[in-house]
Amino acid sequence: MKNADIRQWSDEFRNTLRQEMASAALRMDMRQAEYMRGLGVPVALMLEHNLIGTVTVEVDSRDFWTPIDTGKAMVVTPLVEDGATLDLIAFDPKDPDIWFLRTGEGWALGCDAVRDAVQGWDSADKRLSLHATPLDWLRAGSSGACVTQWTPESRSAVRHVDAIVVTSIKFARALRLELSRPPRIPEIEVKGAQSRAA
């Protein structure tokens with residue numbers, strides 16, 4: 001193991017988000033696990049890798065959540081990038097189209113799948129399975145990706161994929177609309193001039 005690998009492992013071991021996720025996985029009881037299994041999530045596999053758990057949360061107006069004992073119970077899954085837990089995504093499985101961020105870091109569950117699709121060696125490797133919601137991503141056994149925040153970085157990364165596979169026409173339309181947004185062009189000002197150039 002290289003020094004950089006050891007340092008990364010050590011940093012992740014001390015990562016408070018990873019520790020929070022491990023605790024959330026332990027809190028998932030049999031009733032909750034059976035409910036998620038009934039929704040098509042391979043719960044045993046997800047629990048084995050600390051990819052699913054439960055939290056009680058309070059949500060703020062910016063769609064971020066904080067843990068609170070008296071809060072609403074939600075399912076949580078970690079957003080991991082390059083081996084580091086950057087965020088914890090919480091959602092109510094009864095309303096999976098809405099999810100909440102813990103830190104706002106990172107932009108996709110399974111973002112490594114996006115990179116792999118961009119850098120694939122053959123055409124089969126360049127196809128990205130993109131899921132509409134974190135629940136759909138969990139149902140797929142955490143394969144493919146789910147964009148948790150549409151940012152200039154996430155749009156740029158997903159636009160570089162040769163082919164995207166989705167499971168619904170509704171999501172295909174929403175995705176096409178999201179990816180067709182023009183990039184923001186900064187205001188351009190000519191120094192010392194009264195008027196602005198377009």
Side-chain angles (χ1 to χ4, degrees), residues 1-26 28 41-55 57 62-67 74-91 96 99-166 175 178-179 183:
M1 205 180 238
K2 297 177 185 172
N3 285 342
D5 294 335
I6 293 170
R7 190 171 30 259
Q8 181 182 3
W9 179 85
S10 177
D11 290 347
E12 181 60 11
F13 185 75
R14 290 191 307 267
N15 184 337
T16 57
L17 290 174
R18 186 196 65 78
Q19 294 168 3
E20 260 186 69
M21 188 61 222
S23 295
L26 291 173
M28 181 168 269
V41 175
V43 175
L45 177 66
M46 298 296 100
L47 283 172
E48 181 181 335
H49 297 286
N50 283 344
L51 290 175
I52 193 170
T54 57
V55 289
V57 308
R62 301 173 307 132
D63 294 333
F64 283 76
W65 68 272
T66 53
M74 291 195 180
V75 171
V76 66
T77 190
L79 188 152
V80 178
E81 188 175 320
D82 296 326
T85 305
L86 301 181
D87 205 346
L88 300 177
I89 310 302
F91 65 94
W99 56 87
F100 305 95
L101 312 173
R102 181 84 167 92
T103 66
E105 297 293 319
W107 52 267
L109 297 167
C111 75
D112 292 342
V114 178
R115 287 192 198 117
D116 291 348
V118 170
Q119 299 170 359
W121 292 104
D122 62 44
S123 60
D125 290 335
K126 292 185 177 189
R127 292 166 49 101
L128 171 66
S129 291
L130 199 59
H131 305 285
T133 69
L135 177 58
D136 293 334
W137 182 75
L138 287 170
R139 281 182 179 137
S142 72
S143 68
C146 170
V147 177
T148 56
Q149 306 187 70
W150 286 106
T151 64
E153 180 187 6
S154 60
R155 283 185 203 94
S156 175
V158 173
R159 283 181 183 133
H160 282 90
V161 174
D162 281 354
I164 297 172
V165 178
V166 298
L175 184 59
E178 188 63 51
L179 294 176

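Quantities reported herein were computed from a predicted structural model and do not represent experimental measurements.
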Problem - Approximate separation, where rounding is to 0.5 Å, of Thr148 OG1 and Phe100 CZ - result: 13.5 Å
Exercise for the section: Show your reasoning for whether side chain to side chain contact (heavy atoms under 4.5 Å, CB included) applies to Leu179 and Ile164. Expected result: CA-CA 12 Å; Leu179 294 176; Ile164 297 172; 4.2 Å; yes
Handout entry: Nearest non-hydrogen partners of Ala25 and Leu47, listed with the distance
Key = O-CD2, 3.7 Å
Practice task
To the nearest 0.5 Å, tell me how far Arg102 CZ sits from Ile89 CD1.
Solution key: 11.5 Å
Handout entry: Rounded distance [0.5 Å steps], CH2 in Trp107 versus CD in Glu153
Key = 6.5 Å
Completion exercise
Closest heavy-atom pair, Ala113 versus Gly144, reported as atoms and distance to 0.1 Å, is CB-O, 3.5 Å
Problem - Minimal non-hydrogen separation, Glu20 against Pro67, with atom names - result: OE1-CG, 4.4 Å
Practice task
With side chain to side chain contact (heavy atoms under 4.5 Å, CB included) as the test, would you mind laying out the steps for Leu101 and Asp63 before giving the verdict?
Solution key: CA-CA 6 Å; Leu101 312 173; Asp63 294 333; 5.9 Å; no
Problem - Close side-chain approach of Glu105 to Leu79, heavy-atom, < 4.5 Å - result: no
Problem - Step-by-step side chain to side chain contact (heavy atoms under 4.5 Å, CB included) determination, Glu178 to Val158 - result: CA-CA 10 Å; Glu178 188 63 51; Val158 173; over 6 Å; no
Handout entry: Contacts of Asp162 that satisfy salt bridge (Lys or Arg N to Asp or Glu O under 4.0 Å) - sequence neighbours left out
Key = Lys126
Fill in the blank from the handout: side chain to side chain contact (heavy atoms under 4.5 Å, CB included) with Thr77: of Leu138, Asp87, Ile52, only one passes, and it is Leu138
Handout entry: Side-chain heavy-atom pair Pro134, Leu109 within 4.5 angstrom cut-off
Key = yes
Completion exercise
The salt bridge (Lys or Arg N to Asp or Glu O under 4.0 Å) partners of Glu48 (sequence neighbours excluded) come to none
Problem - Interatomic distance, Arg159 atom CZ to Ser154 atom OG [nearest 0.5 angstrom] - result: 9.0 Å
Handout entry: Pairs meeting criterion side-chain hydrogen bond (donor to acceptor under 3.5 Å, both in side chains) with involvement of residues 135-145, two or more places apart
Key = Thr133-Asp136, Asp136-Arg139
Practice task
For Leu175 and Trp150, run side chain to side chain contact (heavy atoms under 4.5 Å, CB included): C-alpha distance rounded to whole Å, both residues' side-chain angles, the deciding distance at 0.1 Å, then the answer.
Solution key: CA-CA 10 Å; Leu175 184 59; Trp150 286 106; 3.6 Å; yes
Practice task
Return yes if some donor-acceptor pair links the side-chain N/O of Gln149 with the main-chain N/O of Gly104 below 3.5 Å, else return no.
Solution key: yes
Handout entry: Nearest heavy-atom neighbours spanning Leu130 and Cys146
Key = CD1-N, 4.3 Å
Problem - Heavy-atom closest contact (Ala157 atom, Val118 atom, distance) - result: O-CG2, 3.8 Å
Handout entry: Val76 versus Thr54, closest heavy-atom pair with distance
Key = CG1-N, 4.1 Å
